[in-house]
Amino acid sequence: MGERFADLCKSKLGLDESTTRQAMQLFKESKSVLLSSMSSLGSGSPEEIERFWSAFVLYCVSRLGKAGRGKEDGGITLCQILRAFRLNIVDFFKEMPQFCIKVGSVLAGLYGSDWEKRLELKELQANVVHLSLLSRYYKRAYQELFLLNDAKPAENSAEPNAQQASDYYRFGWLLFLVLRIQTFSRFKDLVTSTNGLVSVLALLIVHVPVRLRNFNIKESSSFAKKSDKGVDLIASLCEKYHTSEDELSKAMERTNTLIVDILKKKPCPVASECQQDSLSFIDPEGLTYFKDLLGEASLKSSLLILEKEYENAINTKGELDERMFANDEDSLLGSGSLSGGAINLPGTKRKYDVMASPAKSITSPSPMSPPRFCASPNGNGYCSLKMAPITPVSTAMTTAKWLRSTISPLPSKPSGELLRFFSACDKDVTDDITHRAGIILGAIFTSSSFGERICTSLRSTNRIDAIWTEQRKMEALKLYYRVLESMCRAESQILSGNNLTSLLSNERFHRCMIACSAELVLATHKTVTMMFPAVLEKTGITAFDLSKVIESFVRHEDTLPRELKRHLNSLEERLLESMAWEKGSSMYNSLIVARPALSAEINRLGLLAEPMPSLDAIAAHHNISLGGLPPLPFQKQEHSPDKDEIRSPKRACTERRNVLVDNNSFRSPVKDTLKSKLLPPLQSAFASPTRPNPAAGGELCAETGIGVFLSKIAKLAAIRIRGLCERLQLSQQVLERVYSLVQQIISQQTALFFNRHIDQIILCSIYGVAKISQLALTFKEIIFGYRKQSQCKPQVFRSVYVHWASRSRNGKTGEEHVDIITFYNEVFIPTVKPLLVELGSGASPNKKNEEKSAADAGPYPESPRLARFPNLPDMSPKKVSAAHNVYVSPLRSSKMDTLLSPSSKSYYACVGESTHAFQSPSKDLKVINNRLNSGKKVSGRLNFDVVSDLVVARSLSDQNGASAATADIATKTPVKLEQPDC
């Protein structure tokens with residue numbers, strides 16, 4: 001393998017001696033890891049593993065090595081690596097995280113502890129997803145607006161000029177890519193990129209020949225915005241694509257400047273000598289026309305100039321040739337999905353799992369496949385312009401519209417009511433709060449946070465980035481003040497007073513609120529470089545800290561779009577499944593107080609969180625000016641924690657959020673919170689872990705918070721156990737045994753979760769229960785089923801953390817990552833065997849007496865009997881059978897109440913009821929049999945009419961004589977439309 005790798009580096013890739021030497025060094029130092037991981041990459045075949053490993057080594061060297069990245073310096077791009085080893089992007093990003101886990105220590109030794117940040121793997125993956133979505137968005141939009149085949153024959157040819165028509169399409173995409181490189185930062189957010197793409201579409205509408213249009217400018221409903229001079233193109237495009245007129249105008253200015261600077265085209269006054277057919281019936285105000293920009297003579301040369309400009313840019317500093325996204329046939333795109341929670345995009349379908357993230361994931365079967373088109377094509381075979389499909393890009397633009405219209409107009413200072421709350425504290429905290437907000441938001445929204453540029457040929461680039469950063473900072477600040485005011489109002493009503501000193505003077509609470517506001521702004525714009533949990537690192541808090549304000553934040557912002565609620569929900573799910581269990585989580589600072597027996601293991605593994613950095617430290621690290629303000633009182637306390645604290649100052653307990661736990665905590669964090677009227681004040685969520693909680697019978701805040709946290713873990717485990725057991729077609733009895741085992745592990749062997757993923761414990765529990773139940777179920781079958789779950793990440797079963805004690809039976813010591821089977825045999829079974837023995841002897845429902853005696857005589861007398869599986873909320877849609885792709889959505893409770901109300905339920909028949917008026921089921925069966933047995937021929941199928949929700953709602957309102965209610969019900973129960981993947 002080493003010889004083949006060295007030969008490929010020199011002969012096929014033509015790397016220089018320095019780069020080849022670095023690649024060979026990394027290859028040799030990671031050889032031992034490779035030999036122990038031969039079955040953990042791809043399909044497990046030696047030939048495929050060799051290709052993956054070689055590609056990963058070269059990519060790490062190209063990003064982290066000392067050699068220059070440009071071709072002239074012996075550098076190599078990711079595209080070259082993928083083509084050399086016959087890999088595609090999807091497979092590369094699926095397997096690369098596993099390589100990083102295995103070889104992390106080697107990379108740290110060769111390239112420093114910051115190797116992961118410099119590798120920029122997550123940013124590059126998110127960029128690939130964005131470009132994939134944007135390319136399909138562009139293709140759909142282009143095919144709505146223009147024909148891909150020119151019916152007019154070219155000169156000296158009887159054939160239609162299809163090549164030139166496709167050149168217009170290629171010109172638009174290439175112009176967009178150059179615009180991204182020249183004008184934007186290296187990794188730009190999705191909303192800004194979409195604005196640039198729409199500006200390109202506007203330029204194409206003005207310059208592409210009218211004969212290629214797929215619309216009539218005078219009659220199209222997509223261009224309904226008109227002035228006295230004709231169609232207002234900018235306003236119409238803004239309405240169609242949910243962009244801001246101001247932002248689109250700025251994007252068009254940058255596009256026009258690019259054409260002048262690179263293509264050397266001179267704009268001419270649109271309203272005078274440059275009148276063209278393409279400008280007929282269009283208001284020229286705000287538009288720029290370039291004569292002969294897309295003429296037959298200049299189109300080819302313009303394409304060549306843009307190609308050269310783009311190639312120079314990516315050769316200097318670039319990993320991917322983004323031109324390939326316009327070509328669905330490119331082998332590098334591959335098939336499959338970039339899933340696993342790494343990226344969260346709005347509009348993508350998810351069942352339980354999100355967006356990791358940061359923020360959460362493409363869960364469609366094939367994110368790189370060509371986009372679907374509308375169901376109502378016009379005569380030319382293309383979509384009509386009447387209804388734009390809902391896509392992740394359009395959903396992101398809609399969410400950004402909420403931020404623009406609801407939050408941006410707000411003042412950037414606390415309102416009068418909020419200032420009254422600030423001044424009502426024991427000491428006026430106004431200066432403290434505004435000072436803190438400026439520092440924390442300044443640390444989050446810095447130009448360096450959003451990547452560097454590949455080229456800087458335009459002088460205005462730095463200014464554009466600075467303006468964008470300041471706008472996002474102001475949006476986060478306004479959202480923070482808005483939600484804080486709502487929270488203060490609610491807390492004052494609970495406490496019957498305006499003195500909220502304990503809450504408003506709590507440093508950690510404010511940082512969590514600011515972080516949550518900033519995260520929503522970043523999630524709205526779909527930034528690539530500041531994906532969750534980057535906001536936590538900037539603010540100095542942990543994911544466990546942030547979880548304490550998520551529910552309250554959603555509950556106190558009524559206008560929050562559904563996609564942002566789902567984003568916060570996905571963050572909470574990521575926290576529960578793994579992030580709260582990672583080393584350095586503040587959860588351990590509460591757990592060590594609530595469960596003193598676990599302190600030895602927590603300290604042995606070094607899991608406690610470090611103290612929260614002071615504002616001075618954050619300001620100094622990010623070079624933020626403090627504006628000459630004197631040191632604030634709370635800053636002096638940062639490094640002198642209270643006597644009750646455990647290493648970290650002001651470590652908090654979690655607010656008792658039973659509403660989330662008991663109901664629908666993993667679909668919508670706010671849906672059921674409104675039912676609760678007696679939530680404890682927010683102050684209790686941020687109190688010291690060792691402080692008694694008056695609202696919980698005197699138990700410590702740590703005990704209250706950990707109790708709520710572990711109950712939410714149990715709820716999430718129940719949802720995932722049910723999903724996987726249904727897929728594996730296991731019985732209800734087995735499902736309940738698995739759940740009972742996981743529950744007992746949570747309560748009695750909590751340390752099994754330390755530094756691990758909840759799914760690792762679930763997989764092992766299913767296999768353990770299968771063994772004691774004598775089921776013919778292999779670990780391979782369990783993993784195969786788990787791979788099909790929406791939250792699946794390969795590293796869950798390929799890389800399980802273990803910390804071998806000195807007395808371990810295999811003789812190993814220290815930290816290591818092993819596969820799930822090794823973890824099961826070496827760690828899980830020795831720890832859980834007593835629980836499995838107890839479960840096996842007393843879990844059968846037909847042996848109640850044995851169950852009681854086994855529970856009494858077991859090694860854990862306090863352990864509960866076989867836990868009853870909780871009533872989980874019905875997921876929508878729910879799979880009816882594991883063997884068939886049949887799904888059923890449950891009837892909404894609102895409709896159930898309407899249908900089953902005393903005045904209307906007699907109008908409807910349920911399964912098993914009579915199908916004829918005043919008839920019994922037995923008589924109905926006779927009627928059916930007589931009909932089928934009669935000599936008459938029954939044509940066609942039995943008519944099982946499907947009545948829509950709207951029809952049912954309308955009939956009910958007619959029965960009640962309430963015509964006004966019909967419109968209300970109709971708006972609240974829309975027909976659910978299947979969303980396309982992009």
Side-chain angles (χ1 to χ4, degrees), residues 351-352 577 666 713-749 752-753 756-792 796-797 820-821 823-825 827-855 858 860 863-875 878-884 886 888:
K351 192 171 181 180
Y352 311 121
E577 69 178 12
F666 304 110
I713 292 289
K715 174 71 88 173
L716 176 61
I719 292 175
R720 295 194 172 178
I721 289 169
R722 182 178 71 176
L724 187 51
C725 287
E726 286 178 354
R727 187 175 294 280
L728 296 172
Q729 296 182 300
L730 301 178
S731 66
Q732 180 70 19
Q733 182 187 26
V734 172
L735 182 149
E736 291 182 357
R737 286 188 175 191
V738 173
Y739 176 70
S740 180
L741 177 60
V742 172
Q743 253 200 341
Q744 293 185 61
I745 293 173
I746 291 173
S747 62
Q748 300 172 30
Q749 296 294 343
L752 267 182
F753 286 90
R756 298 189 181 107
H757 195 289
I758 185 177
D759 289 352
Q760 293 167 342
I761 308 302
I762 292 174
L763 293 173
C764 290
S765 299
I766 291 176
Y767 185 71
V769 169
K771 295 288 283 186
I772 65 171
S773 303
Q774 299 181 343
L775 297 179
L777 183 65
T778 65
F779 230 127
K780 184 177 181 180
E781 291 171 327
I782 295 174
I783 296 301
F784 183 77
Y786 177 70
R787 280 179 174 272
K788 298 180 180 180
Q789 296 298 101
S790 61
Q791 79 276 7
C792 172
V796 166
F797 52 84
I820 190 78
I821 295 178
F823 167 73
Y824 176 85
N825 290 327
V827 179
F828 184 83
I829 283 299
T831 305
V832 178
K833 185 177 179 181
L835 299 179
L836 278 171
V837 170
E838 181 183 4
L839 193 65
S841 62
S844 173
N846 297 324
K847 300 179 181 180
K848 293 184 179 179
N849 294 331
E850 286 123 315
E851 177 183 359
K852 187 177 186 304
S853 62
Y860 298 96
S863 62
R865 299 179 183 180
L866 185 62
R868 183 178 182 84
F869 196 78
N871 293 323
L872 298 176
D874 287 328
M875 295 299 170
K878 180 180 180 182
K879 195 168 187 179
V880 178
S881 168
H884 302 90
V886 179
V888 172

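Every value quoted in this text rests on a predicted model; they were computed, and no experiment measured them.
To the nearest 0.5 angstrom, Ile772 atom CD1 is 12.5 Å from Lys833 atom NZ. Within the model, atoms CD of Glu838 and CG of Leu741 stand 10.0 Å from one another, a figure rounded to the nearest 0.5 Å. Separating the CG atom in Leu728 from the CD1 atom in Ile721 is a distance of 12.0 Å, to the nearest 0.5 Å. With rounding to the nearest 0.5 Å, the separation of OG in Ser765 from CG in Leu724 is 11.0 Å. Note that CD1 of Ile758 is 6.0 Å distant from CD1 of Ile746, once rounded to the nearest 0.5 Å. Remark: Cys725 SG to Glu736 CD distance equals 10.5 Å, nearest 0.5 Å.
Within the 4.5 Å cutoff, no side-chain heavy atoms of Lys771 are placed close to those of Leu836. Within the 4.5 Å cutoff, the side chain of Glu577 has heavy atoms near those of the His757 side chain.
Nearest approach of Tyr739 to Ala714, heavy atoms of both residues: CE1-O, 3.7 Å. Across all their heavy atoms, Tyr824 and Pro830 have their closest contact at O-CD, 4.3 Å. Looking at every heavy atom in both residues, Ala717 comes nearest to Val742 through CB-CG1, 3.9 Å. Across all their heavy atoms, Phe797 and Cys792 have their closest contact at CE2-SG, 4.1 Å.
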The test is side chain to side chain contact (heavy atoms under 4.5 Å, CB included); show your working for Ile745 and Phe828 and say whether it passes.
CA-CA 10 Å; Ile745 293 173; Phe828 184 83; 3.8 Å; yes
Go through it in stages, so that I can follow the logic: the residues are Val827 and Arg756, the test is side chain to side chain contact (heavy atoms under 4.5 Å, CB included), and I'd like the CA-CA distance, side-chain angles, deciding distance and then a yes or no.
CA-CA 12 Å; Val827 179; Arg756 298 189 181 107; 4.1 Å; yes
Determine whether Arg720 and Gln789 satisfy the following criterion, side chain to side chain donor-acceptor pair (under 3.5 Å), listing intermediate values before the conclusion.
CA-CA 9 Å; Arg720 295 194 172 178; Gln789 296 298 101; over 6 Å; no
Do any side-chain atoms of residues 777-786 form donor-acceptor pairs under 3.5 angstrom with protein atoms, and if so which ones, sequence neighbours left out?
from: Thr778; atom 1: OG1; to: Glu781; atom 2: N; distance (Å): 3.1
from: Thr778; atom 1: OG1; to: Glu781; atom 2: OE1; distance (Å): 3.4
from: Glu781; atom 1: OE1; to: Thr778; atom 2: N; distance (Å): 2.9
from: Tyr786; atom 1: OH; to: Asp759; atom 2: OD2; distance (Å): 2.8

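Among Val769, Leu735, Ile766, the one residue that satisfies the side-chain contact (heavy atoms from CB on, under 4.5 Å) test with Leu730 is Ile766.
Looking at Gln760, its side chain does come within 3.5 Å of a backbone N or O of Val796 through a donor-acceptor pair.
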